[in-house]
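Notes follow once the structure below has been shown.
So you know, we letter chains A, B, ... as the sequences are listed, proteins then strands, and number each from 1. All figures in this text were calculated on a predicted structure; none of them were measured in a lab.
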There are 2 protein chains.
Amino acid sequence: MNQSRSRRPTIIDVAKRAGVSKSTAARALTGSSNITEQTRERVVKAAMAVGYERNHLAVGMRSGRSGMLGLVIPDITNPFWADVARGAQDRAVRSGASLLIFSSDWDPAAESAHLRALRRARVDGAIINPVADNFDDLDRFGLPFVFIGSSAERFPDVSSVGSDIGQAVRLGLDHLVSNGHEAPSLILGPKSRLARARFLRTVHEHCVERDVDPAILALEDGEYTVEGGRHAMRRLLERPHLGHVAVFAANDMMALGAMMAGS
Amino acid sequence: MNQSRSRRPTIIDVAKRAGVSKSTAARALTGSSNITEQTRERVVKAAMAVGYERNHLAVGMRSGRSGMLGLVIPDITNPFWADVARGAQDRAVRSGASLLIFSSDWDPAAESAHLRALRRARVDGAIINPVADNFDDLDRFGLPFVFIGSSAERFPDVSSVGSDIGQAVRLGLDHLVSNGHEAPSLILGPKSRLARARFLRTVHEHCVERDVDPAILALEDGEYTVEGGRHAMRRLLERPHLGHVAVFAANDMMALGAMMAGS
DNA sequence: ATGAAAGCGCTAACAT
DNA sequence: ATGTTAGCGCTTTCAT
């Protein structure tokens, strides 16, 4: 207990215990060649004995690779990004890496601060769902990275993964129309979001194809959250209108909020 | 573009540019005393000019503090832990730290691997929702840490934060009883989980107080997930029984699954 | 107030 | 096959 509280053992402790030089110990531990099976065993045993654990800070320092990856998303609390985070984490672990996760909360300033943190931490790469409109420091970013989300298309040079919003909207509308709802009310995200424009554009196209005037559709905005959906739904319900038979929300959180708008 | 792709600037680059020694540059940048306001300005300006960003690996190496914290939870995909993660992350960022998040997926082996990763990364501390029954390496863990969850009470010496399951169950049952449901069916977590025993014990107490025989309560187990709740509910519905008027599930995910059991 | 130098733990190039 | 040494980028004595 008293010994276990002391300084963490270094490779030198291992080397001493095994009676070899620290480079030999390193070779044995990294699985390098040029090492007698006998000495390797001795070193490994010594490492176990002293409870040695390689210091990744030191390794990163020497190698220039920290073994860490970054993930910057708007909000880990949203199930969509929780799934993203989970997938990223599993993949990272499988490659022996760790994942630093940051939620920007749709705040460009926070996002920028998080990116700085990632650079200082010397992560080997990052996955980013950008919320900033202008990513002008992009070329100076200096980190390998991939974008997530539709806003990524503002940066055609950057690799990105996004949802096919157009197809999603079409599938949703097809479903509603086939159930007799020709003109569902809409609950969309904030005006600043690119995904919103994409959503709306597809709705318009779909309407035109059906000879429905898009202008008759009731529409409300809100944050991409349960609360946002709830408030938007309330505003819809307040309208002097014959009642909203069907509502199409931009994501699950908003839909949930809309369903709860009564309470 | 070509220059920006080159080696990240170090404090030496800053020092050179400012025409001082690297130690002076360090002093200026760390806000140390004993520095002329004039030279500090010059150094700061030089740092900006070359796009200097402090290398946290190196800092951690020297100081022994990595500026990173660890979070090990069963599953980031569960909204409860997503909230936990969000809170931890916000707090960490406020202290200038970063958060390494790991999901163990209820797998003790994965948990143990993640803890090893945290030690190697030299995190300054960790928040852990343990899933392993035996945490016998606890004294050798060698990291400052806090536990989350009811399983933490197996380790009375460890600081922990948990929910008051007893009170939660009582509130839930009170609500049901006051709505006329004297003997709700139960959907609980896996038998291995300590929280389940706690839940069940409180239900029994509550029943006894109401002169209800706990044995008449229908009860099903499942994983703490939407799927687990759905399956459990299906099994409940299959029972030759007069129908389940009320169901009390152990968490929101299971309740959601139960509600969806028909589809 | 500033510079020179040591050292954190590790690995790889360079001896032997 | 193994030992010696340099150096990753930083902060902090210790001199001056």
Indicate the ring-plane relationship of B:W106 and B:Y224, choosing parallel, tilted or perpendicular according to the 30° and 60° boundaries.
-> tilted

Between atom [atom1] in [X] and atom [atom2] in [N], what is the gap in whole Å?
X     : N      : atom1 : atom2 : result
B:R7  : D:dG7  : CZ    : P     : 14 Å
A:R42 : D:dA1  : CZ    : C1'   : 12 Å
B:N34 : D:dT12 : CG    : P     : 13 Å
A:I35 : C:dT11 : CD1   : C1'   : 13 Å
A:I11 : D:dT5  : CD1   : C1'   : 15 Å

Indicate yes or no for a side-chain donor-acceptor contact from [X] to the backbone of [Y] under 3.5 Å, with no hydrogens or angles considered.
X      : Y      : value
A:T24  : A:V20  : no
A:R42  : A:A18  : yes
B:S104 : B:A110 : no

Can B:R119 and A:E53 be counted as an ion pair, charged N to O under 4.0 angstrom?
->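 A salt bridge links B:R119 with A:E53.
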
Answer yes or no: is there an ion pair linking A:D105 with B:R86, defined by an N-O contact shorter than 4.0 Å?
->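 Judged by the 4.0 Å cut-off on N to carboxylate O distance, A:D105 and B:R86 do form a salt bridge.
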
Of the residues in residues 12-22 of chain B, which ones touch DNA chain C at a heavy-atom distance under 4.0 Å?
-> B:V20, B:S21, B:K22

Distance-only side-chain donor-acceptor flag, B:S112 / B:R116, under 3.5 Å |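 Distance-only check passes for B:S112 and B:R116.
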
Does the side chain of [X] get closer than 4.0 angstrom to OP1 or OP2 of [N] through an N or O atom?
X     : N      : value
A:S23 : C:dA12 : no
A:S32 : C:dT11 : no
B:T24 : C:dG3  : yes
A:T30 : C:dT11 : no

Take A:D83 and B:T77 through the side-chain hydrogen bond (donor to acceptor under 3.5 Å, both in side chains) test and state the conclusion after the steps.
-> CA-CA 6 Å; A:D83 277 341; B:T77 272; 3.3 Å; yes

With the side chain of A:R27 defined as its heavy atoms from C-beta on, choose the nearest nucleotide among D:dT2, C:dT11, C:dT2.
-> D:dT2

Contact list for DNA chain D against residues 52-62 of chain A - heavy-atom distance below 4.0 Å = A:M61, A:R62

Extract all donor-acceptor atom pairs below 3.5 Å that involve side chains of residues 157-164 of chain A and protein atoms in other chains or at least two apart in sequence.
| residue | atom | partner | partner atom | Å |
| --- | --- | --- | --- | --- |
| A:D164 | OD1 | A:G166 | N | 3.3 |
| A:D164 | OD1 | A:Q167 | N | 3.0 |

